[in-house]
Amino acid sequence: MKDPKRYLVTAALPYANGLKHIGHLAGAYLPADIYVRYLKAAKKDVVFVCGSDEHGTAIPIQATKEGTTAKAIIDKYHPIIEQNFKDLGIAFDIYHRTSAPIHHETAQEFFTMLNSNGDLEIKESEQYYDEEAATFLADRYIKGTCPNCGYESAYGDQCEKCGKSLSPDELINPVSTLSGKVPVKKSTKHWYLPLDRHEAFLREWILKENGDNWRANVVGQCKSWIDGGLQPRAVTRDLDWGVKVPLPDAEGKVLYVWFDAPIGYISATKQWALDNDKDWKPYWQEKDTKLVHFIGKDNIVFHCIIFPVMLKLHGDILPDNVPANEFMNLEGDKMSTSRNWKLEMQDYIDDFINKENGGSQMADVLRYYLTQIAPETKDSEFMWKGFQDANNSELVSIFGNFVNRTFVLMHKLCGGKVPPLHAGSMDELDTAVIDAVAQSKQKITVLLEEYKFRDALFEVINLARTGNQYMQKKEPWIVAKQTGEDGKPVAEAQQLIDNCLHICLQLTANLAILIHPFLPFTAKKLCHMMKVVDKMLEWENAGSMQLLKTGYSLRAPELLFRKIEDAEITYQVEKLKNAAISRETVTMDTNAATTEETAIKPVKQEIVFDDFAKIDLRVGTIVSAEKVEKADKLLKLQVDLGFETRTIVSGIAMHFSPEEITGKQVTVVVNLAPRKMRGIESNGMILMAEDANGKLHFINPETAINAGSGVS
RNA sequence: GGCGAGGUAGCUCAGUUGGUUAGAGCGCAGGAUUCAUAACCCUGAGGUGAUGGGUUCAAUUCCCAUCCUCGCUACCA
């Protein structure tokens with residue numbers, strides 16, 4: 001969009017069920033903050049909204065587990081996350097929350113409008129119902145055995161072990177987590193957003209209009225979704241935690257969290273407007289508003305497909321761009337909350353910012369490294385060594401050093417004041433540097449507008465590098481040796497020194513402006529050293545060589561960045577590895593965890609012996625095994641049961657290679673009805689036990705016995 | 001298996017609407033220097049551009065196949 005009148009920038013709403021890690025920071029919040037700081041410096045009308053996403057079933061479930069309430073959880077994490085962002089210099093105009101009444105009203109109004117316009121579909125369906133708790137069960141309130149990996153505590157929407165997304169119907173032996181009883185199917189009514197009606201619009205808007213200017217990964221994901229066929233998506237849930245469905249016949253129903261969460265951007269904007277005596281409407285309704293969503297790649301479908309359809313139906317503007325980032329790995333492995341392989345914002349703050357360990361300058365160091373390795377086009381890697389190198393050899397050695405040597409020389413050779421620029425003594429080297437400053441500003445501006453933050457940051461550092469090269473060639477400390485009888489540099493020499501330092505100082509002032517979106521604390525510190533007000537940081541000032549007045553006395557230099565020692569990073573790496581939950585530890589801890597789980601996990605309905613006797617279990621020996629074509633998880637086994645050798649297909653390929661299980665003894669259900677899988681008929685089922693880590697184990701006799709032996 | 005994104009110097013990553021010697025930063029080696037947080041500055045070494053085919057006067061860039069990584073998806077009684 002050329003020349004938008006105003007900007008609305010959003011960063012994905014963090015789910016308020018725990019602390020957020022630097023992957024989240026690098027993926028959405030930091031790039032959004034950089035972009036917004038740039039826009040504000042350029043005096044654009046911009047609102048930057050974010051806030052806690054506090055609904056969804058995960059939160060009440062977590063509350064039950066921890067013996068607390070959903071409200072207590074969100075009230076705990078909301079302020080911590082908000083403070084973490086502040087400590088790292090992420091400056092939202094508002095950090096709102098979806099539990100706020102204004103959000104509930106906004107989301108309800110949104111739903112009502114779509115519903116009364118006939119843009120939603122109503123469908124009756126059979127859903128699991130807990131008779132004891134007298135309530136329908138949201139997907140996450142149902143647990144059962146995952147049909148995919150066999151994990152016994154899979155949720156109705158997703159198995160946390162294998163990550164597969166599920167529907168409650170797929171669960172084996174579903175159990176209500178509320179009462180522990182087996183739920184019954186009961187008819188219920190829900191509202192759906194018919195995405196399929198909007199396929200033509202989405203194709204046109206995403207692929208045609210934005211196919212070239214959105215990032216390849218974003219367009220690709222969308223295309224994949226659209227080509228896969230869009231389905232109506234349920235907008236409501238049977239749950240009591242969330243935004244109530246504003247209809248008389250919808251008792252006990254709330255809006256599905258994916259529906260209300262993005263509306264949180266709108267309600268946050270409303271609250272901001274109230275707080276600041278502004279009108280929120282133009283930001284969502286005027287065509288000349290540029291809406292930009294910063295998110296991680298996991299959120300692409302919501303922000304590029306679903307929410308735009310909602311916005312369109314509601315008569316709002318559509319996002320101009322959705323610069324989604326890929327993921328950031330940590331020390332060679334993907335970040336994971338469950339395996340505790342992560343660096344939380346809070347951890348970094350505790351170790352580097354809060355301690356007398358650098359203070360806010362260390363916030364900028366993290367911002368620097370995360371931007372330098374931002375996963376803009378592909379997954380990237382956070383390495384502590386890389387963090388140290390980026391700081392020591394770029395921030396300290398190039399940027400910090402240039403500023404420091406400029407200030408030191410200015411105090412030594414120019415009496416602590418901004419020296420004059422003697423036009424008559426200028427040479428082409430001087431003008432080249434002056435040009436370079438203007439060019440840097442142009443390049444950085446373009447890159448920022450294109451959301452290429454890592455390249456933009458590189459250009460800023462490069463300008464500092466140019467400064468170092470310039471000073472090296474000018475060698476004012478050598479020139480200063482041309483002294484007269486009074487021991488001071490002769491006039492011509494002093495002019496050269498003045499020119500060099502004048503230019504270096506103006507360049508430093510430019511660096512402050514250009515680095516400001518990326519490293520706000522550093523920019524502030526530079527302003528302090530130069531005794532200028534924040535107004536100098538306005539973007540239009542960049543490129544100018546008249547930012548500091550001749551004769552103005554400046555403060556003594558302070559070091560902008562400190563070195564990071566080897567010991568600090570080895571400590572962090574050790575800490576990470578020690579905290580990580582290794583496979584072994586998981587297996588050992590499992591005993592405790594499992595006991596707890598089993599305590600919660602209800603025993604299935606009682607059966608009589610005859611029921612059990614119906615099941616014919618035998619010991620078998622795997623005589624051969626091979627991978628099933630076109631299936632990642634299936635192995636085709638030949639099992640010797642004594643009386644015959646059978647073909648059994650089993651979903652264990654992710655856990656065992658064909659070679660390692662050949663010859664193993666297993667327990668087989670031999671009278672299970674045959675079933676075809678991937679075109680192969682499976683005659684029986686191999687019994688497996690699963691530990692808390694999701695690993696499967698064979699159930700077999702202690703010592704090898706005859707194939708075909710009965711089990712009872 | 002299908003779809004999407006990737007596989008480029010020791011490391012982290014650019015780039016190429018197909019065209020002379022494929023780039024940057026860091027790291028490494030050598031040199032120069034001392035104003036500066038042993039920093040800066042200069043020079044250099046380092047790449048079968050995943051692999052194998054094809055199209056073309058010419059491919060890293062286009063096409064096909066294969067292998068590997070990440071995400072989504074399918075198979076799981």
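Reminder, nothing fancy here: chain letters follow the sequence lines and each chain counts from 1.
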*Asks:* Atom CG of Leu457(A) and atom P of rC26(B): how far apart are they, to the nearest Å?
*Replies:*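 Roughly 14 Å, once rounded to whole Å.
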*Asks:* Do the side chain of His411(A) and the main chain of Phe407(A) share a donor and acceptor less than 3.5 angstrom apart?
*Replies:*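 It does hold such a pair.
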*Asks:* Check whether Asn700(A) reaches the backbone of Val666(A) with its side chain - one donor and one acceptor, N or O, closer than 3.5 Å.
*Replies:* no
*Asks:* May I ask you to say what Ile478(A) touches in the nucleic acid, namely base, sugar-phosphate or nothing, with a heavy-atom cut-off under 4.0 Å?
*Replies:*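 The answer is sugar-phosphate, as Ile478(A) gets under 4.0 Å only of primed atoms, P, OP1 or OP2.
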*Asks:* I need the Lys636(A) NZ to Glu626(A) CD distance, nearest 0.5 Å.
*Replies:* 4.5 Å
*Asks:* Is any side-chain N or O of Lys297(A) closer than 4.0 Å to OP1 or OP2 of rC72(B)?
*Replies:*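 False: Lys297(A) side-chain N/O out of range (4.0 Å or more) of rC72(B) OP1/OP2.
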*Asks:* Look at all strands and tell whether Phe561(A) reaches a base, only sugar-phosphate, or nothing, counting heavy atoms closer than 4.0 Å.
*Replies:*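 The residue Phe561(A) makes base contact.
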*Asks:* Leu202(A) and side-chain contact (heavy atoms from CB on, under 4.5 Å): which partner among Ile306(A), Leu230(A), Leu195(A)?
*Replies:*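 Only one of Ile306(A), Leu230(A), Leu195(A) forms a side-chain contact (heavy atoms from CB on, under 4.5 Å) with Leu202(A), namely Leu230(A).
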*Asks:* Starting the side chain at C-beta, find the nucleotide from rC35(B), rU37(B), rA24(B) nearest to Trp477(A).
*Replies:* rC35(B)
*Asks:* Could you state the atom-to-atom distance from NZ of Lys473(A) to P of rC40(B) in whole Å?
*Replies:*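 Roughly 16 Å, once rounded to whole Å.
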*Asks:* Using heavy-atom distances to pick each residue's nearest nucleotide on RNA chain B, tell me which of Lys334(A) and Lys385(A) is more 5'.
*Replies:*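 Residue closer to the 5' terminus by nearest nucleotide: Lys385(A).
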*Asks:* Would you mind pulling out the nucleotide paired to rA24(B), Watson-Crick or G-U wobble, both distances under 3.5 Å?
*Replies:*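 Matched rA24(B) with rU12(B) under the 3.5 Å cut-off.
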*Asks:* Could you check if a side-chain atom of Thr647(A) sits within less than 4.5 angstrom of a side-chain atom of Glu681(A), using non-hydrogen atoms only?
*Replies:*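 SC-SC contact between Thr647(A) and Glu681(A) ruled out.
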*Asks:* Paired with rA74(B) by Watson-Crick or G-U wobble geometry, both distances under 3.5 Å: which nucleotide is it?
*Replies:*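 By the stated definition (distances under 3.5 Å), nothing pairs with rA74(B).
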*Asks:* What nucleotide among rC26(B), rA24(B), rU37(B) has an atom nearest to a side-chain atom of Lys563(A)?
*Replies:*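 So the side chain of Lys563(A) is nearest to rU37(B).
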*Asks:* Using the C1' atom on both, measure rA22(B) against rA59(B) and round to a whole Å.
*Replies:*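 One C1' to the other, the span is 12 Å.
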*Asks:* Answer with base, sugar-phosphate or nothing: what part of the nucleic acid does Leu672(A) contact at a heavy-atom distance below 4.0 Å?
*Replies:* sugar-phosphate
*Asks:* What is the distance, to the nearest angstrom, from the CD atom on Gln221(A) to the C1' atom on rG6(B)?
*Replies:* 13 Å
*Asks:* Would you measure the distance from the P atom in rU56(B) across to the matching atom in rU51(B) and give it in whole Å?
*Replies:*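 Per the computed distance, 23 Å lies between those P atoms.
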*Asks:* Using the C1' atom as the reference point in each nucleotide, state the distance between rC64(B) and rU12(B) in Å, no decimals.
*Replies:*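 Taking atom C1' in both rC64(B) and rU12(B), they lie 32 Å apart.
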*Asks:* Under a 3.5 Å cut-off for both distances, is rC67(B) Watson-Crick or wobble paired, and to whom?
*Replies:*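 The base-pairing partner of rC67(B), which may sit in any strand shown, is rG7(B).
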*Asks:* Could you check how far CD of Gln472(A) sits from P of rC41(B), rounded to whole Å?
*Replies:* 7 Å
*Asks:* Mind checking the P distance from rG44(B) to rC3(B)? Whole angstroms is fine.
*Replies:*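 That atom pair is separated by 47 Å.
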*Asks:* Taking CD from Gln388(A) and C1' from rG25(B), how many angstroms apart are they, rounded to a whole number?
*Replies:*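 Rounded to the whole Å, the gap is 16 Å.
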*Asks:* Could you please name the partner base of rA29(B), counting Watson-Crick and G-U wobble pairs only when both distances are under 3.5 Å?
*Replies:*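 Matched rA29(B) with rU43(B) under the 3.5 Å cut-off.
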*Asks:* If the C1' atom of rU33(B) is compared with that of rU43(B), how far apart are they to the nearest Å?
*Replies:*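 rU33(B) and rU43(B) have their C1' atoms separated by 15 Å.
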*Asks:* It should be established whether Gln469(A) places a side-chain nitrogen or oxygen under 4.0 Å from OP1 or OP2 of nucleotide rC42(B).
*Replies:* yes
*Asks:* So which atom in Leu559(A) and which in Lys525(A) form the shortest heavy-atom distance, rounded to 0.1 Å?
*Replies:*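 Smallest heavy-atom distance, with atoms named: O-NZ, 3.0 Å.
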*Asks:* Roughly, in whole Å, what's the span from NZ in Lys443(A) to C1' in rA24(B)?
*Replies:* 12 Å
*Asks:* Mind checking the P distance from rG6(B) to rC63(B)? Whole angstroms is fine.
*Replies:*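 Here rG6(B) and rC63(B) have their P atoms 13 Å from each other.
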*Asks:* Judged by atom type as modelled, is there a donor-acceptor pair below 3.5 Å linking the side chain of Asn671(A) to the main-chain atoms of Asp616(A)?
*Replies:*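 Yes, the answer is positive, given that a donor and an acceptor are paired below the 3.5 Å cut-off.
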*Asks:* Answer with yes or no after comparing the ring centroid distance for Phe399(A) and Tyr368(A) against a 6.0 Å cut-off, counting only values under it.
*Replies:*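 Between Tyr368(A) and Phe399(A), which both carry aromatic rings, the centre distance is not below 6.0 Å.
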*Asks:* Within the 4.0 Å heavy-atom criterion, would you say Val408(A) contacts the bases, only the backbone, or no part of the nucleic acid?
*Replies:*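 Sugar-phosphate: the residue Val408(A), judged by heavy atoms under 4.0 Å, touches backbone atoms but no base.
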*Asks:* Give Asn401(A) one of three labels, base, sugar-phosphate or nothing, depending on what nucleic acid heavy atoms sit under 4.0 Å from its own.
*Replies:* base
*Asks:* Would you confirm whether Glu376(A), through its side chain, and Pro323(A), through its main-chain N or O, come within 3.5 Å as a donor-acceptor pair?
*Replies:* no
*Asks:* Expressed in whole Å, how much space separates the C1' atoms belonging to rU48(B) and rG7(B)?
*Replies:*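 Nearest-Å result for rU48(B) against rG7(B) at atom C1': 15 Å.
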*Asks:* Ignoring the backbone of Asn404(A), work out which of rU37(B), rG27(B), rC35(B) is nearest its side chain.
*Replies:* rU37(B)
*Asks:* How would you label the glycosidic angle of rG6(B): syn (within 90° of 0) or anti?
*Replies:* anti
*Asks:* Please pick, from rA5(B), rA39(B), rC35(B), the nucleotide with the shortest atom-to-atom distance to any side-chain atom of Arg405(A).
*Replies:*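 Closest of the options to the side chain of Arg405(A): rC35(B).
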*Asks:* Paired with rA36(B) by Watson-Crick or G-U wobble geometry, both distances under 3.5 Å: which nucleotide is it?
*Replies:* none
*Asks:* For Ser425(A) and Asn499(A), does a side-chain donor sit closer than 3.5 Å to a side-chain acceptor?
*Replies:*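 Distance-only check fails for Ser425(A) and Asn499(A).
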*Asks:* Taking the C1' atom in each of rC35(B) and rC40(B), what is the distance between them to the nearest angstrom?
*Replies:* 10 Å
*Asks:* By the 4.0 Å heavy-atom rule, please label Val669(A) as base, sugar-phosphate, or nothing.
*Replies:*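 The residue Val669(A) makes no contact with any strand.
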*Asks:* Looking at every strand, decide which applies to Glu394(A) at a 4.0 Å heavy-atom threshold: base, sugar-phosphate, or nothing.
*Replies:*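 Counting heavy atoms under 4.0 Å across all strands, the contact made by Glu394(A) is with sugar-phosphate only.
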*Asks:* Is there any protein nitrogen or oxygen under 3.5 Å from a nitrogen or oxygen in nucleotides 11-13 of chain B, and what are the pairs?
*Replies:*
unit_1  : atom_1 : unit_2    : atom_2 : d
rC13(B) : OP1    : Glu381(A) : N      : 3.0
rC13(B) : O2'    : Arg454(A) : NH2    : 3.3

*Asks:* For Leu560(A), answer base if it contacts any base atom (sugar-phosphate contacts may also be present), sugar-phosphate if it contacts only those atoms, and nothing otherwise; contact means non-hydrogen atoms under 4.0 Å.
*Replies:* base
*Asks:* Using a cut-off of strictly less than 4.0 Å, decide whether Arg465(A) has a side-chain nitrogen or oxygen near OP1 or OP2 of rC26(B).
*Replies:* yes
*Asks:* Could you check how far NZ of Lys452(A) sits from P of rA24(B), rounded to whole Å?
*Replies:*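 Rounded to whole Å, this separation is 19 Å.
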*Asks:* Expressed in angstrom and rounded to an integer, what is the separation of Phe402(A) atom CZ from rC41(B) atom C1'?
*Replies:* 13 Å
*Asks:* Do you know which two heavy atoms are closest between Ile648(A) and Gly684(A), and how far apart they sit?
*Replies:*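 Heavy-atom minimum between the residues: CG2-O, 3.6 Å.
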*Asks:* Between Phe327(A) and Thr466(A), who's closer to the 5' end of RNA chain B by nearest nucleotide?
*Replies:*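 Between the two, 5'-proximity favours Thr466(A).
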